[in-house]
Amino acid sequence: MTTVDSPAVVGFAPALRRLYFVRFAFAIVWAVLVFLTTKSGLGAAGVVLVVLYPLFDVGSAIVDARSAKDGGSVRGLYVNMAISSLAAVGLAVAAASDIPAVLRVWGAWAIVAGLVQLVVAVKRRKMGGQWPMILSGGISVLAGATFILGASAANPSLTNVAGYAVVGGIFFLVSAIRLGRAPQES
């Protein structure tokens, strides 16, 4: 049984659900574009896409924080905004170098952002629909380590980063669906 602590949380769940659906759609479209545009190297489109992803994460965290003000602490979201902003800058700098540099920065971002996502989701678990976000945060930490190690591979590519976005998008979709059910289960 899922419990919801307050009317503010009940009002917050639909906004979070909509945001999660948007994040799912963005992740899928982004992953397809990365896969199609980075097959032969990073290129200008690849650089734009690599920097765009953390910027979209910042925008999503802003929307989330505005929706969540009455539903609990948003400190983790502000931390996520700072981390993702730094990641966008780091990825822009790394993209001027090569794909291994991008993978190292992306990996570090995935680890730190995954830990933050894990903490935020654990704090929100009473509203329901957060187990996919908890799992996603844990997987992000592991994937980040894999990206850092993969940067040393013989022929590094961004294919795994695109796959990572798809998996993350699926977790957002599952969480959005579960959030839609949470108020009915309480």
Side-chain angles (χ1 to χ4, degrees), residues 12 15-39 41-69 73-121 124 132-133 136-137 139-141 143-148 150-151 156-173 175-176:
F12 171 52
L16 191 58
R17 183 174 192 242
R18 283 187 302 274
L19 177 62
Y20 285 178
F21 279 128
V22 169
R23 292 195 73 163
F24 163 72
F26 176 83
I28 300 303
V29 170
W30 183 89
V32 168
L33 291 173
V34 165
F35 184 75
L36 293 174
T37 61
T38 63
K39 284 184 178 181
L42 199 51
V47 171
V48 169
L49 288 167
V50 163
V51 174
L52 179 62
Y53 198 93
L55 292 176
F56 184 82
D57 195 53
V58 171
S60 296
I62 290 168
V63 170
D64 192 341
R66 286 182 179 168
S67 299
K69 288 227 187 231
S73 174
V74 294
R75 186 176 322 147
L77 295 170
Y78 291 127
V79 170
N80 184 55
M81 289 177 217
I83 292 166
S84 294
S85 296
L86 289 173
V89 172
L91 287 165
V93 171
S97 181
D98 56 10
I99 288 179
V102 169
L103 287 172
R104 286 184 195 97
V105 173
W106 194 283
W109 175 48
I111 291 169
V112 177
L115 290 171
V116 172
Q117 180 181 13
L118 194 61
V119 169
V120 170
R124 290 180 170 173
M133 293 295 92
S136 178
I139 289 170
S140 187
V141 171
T146 302
F147 296 142
I148 292 169
S157 75
L158 296 178
T159 303
N160 289 342
V161 171
Y164 166 77
V166 169
V167 170
I170 291 169
F171 277 112
F172 277 115
L173 176 63
S175 193

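In this text, all values refer to a predicted model and were calculated from it rather than measured experimentally.
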Walk me through it: do Gln117 and Asn80 pass the test side-chain contact (heavy atoms from CB on, under 4.5 Å)? CA-CA 8 Å; Gln117 180 181 13; Asn80 184 55; over 6 Å; no
Measuring from atom CZ of Arg104 to atom CG of Asp98, what distance do you get when rounded to the nearest 0.5 angstrom? 7.0 Å
Given side-chain contact (heavy atoms from CB on, under 4.5 Å), test Ile111 with Ile148 step by step and report yes or no. CA-CA 10 Å; Ile111 291 169; Ile148 292 169; 3.9 Å; yes
About how many Å separate OG1 of Thr146 and CD1 of Ile139, when rounded to the nearest 0.5 Å? 11.0 Å
What's the shortest heavy-atom distance between Ala110 and Gly144, and which atoms? CB-CA, 3.7 Å
Heavy-atom nearest pair, Ala27 first then Ala165, reads CB-O, 3.3 Å
Could you give the distance from CD1 (Ile170) to CD1 (Ile28), rounded to the nearest 0.5 Å? 5.5 Å
Nearest heavy-atom approach of Ala87 to Pro54 is CB-CB, 4.2 Å
Spacing of Ser175 atom OG and Leu16 atom CG [to the nearest 0.5 Å]: 6.5 Å
Quick one: does any side-chain atom of Ser60 pair with a main-chain N or O of Phe56 as donor and acceptor, under 3.5 Å? yes
Which heavy atom of Ile99 sits nearest to which heavy atom of Leu42, and what is that distance? CD1-N, 4.1 Å
Is any side-chain heavy atom of Val93 closer than 4.5 Å to one of Val105? no
Should Val34 and Val161 count as side-chain neighbours, where that means a heavy-atom distance under 4.5 Å? no
Side-chain (Trp106) to main-chain (Leu91) donor-acceptor, under 3.5 angstrom: no
What's the shortest heavy-atom distance between Leu173 and Phe21, and which atoms? CD1-CE2, 3.5 Å
Output for pair (Leu158 CG, Leu103 CG), nearest 0.5 Å, gives 5.5 Å
Ring pair (Phe, Tyr, Trp, His ring centres under 6.0 Å) test vs Tyr20 passes for just one of Phe172, Phe171, Phe26, namely Phe172
How many angstroms lie between atom CG of Asp57 and atom CG of Leu52, to the nearest 0.5 angstrom? 11.0 Å
How close do Ala88 and Leu55 get, heavy atom to heavy atom, and via which atoms? CB-CD2, 3.6 Å
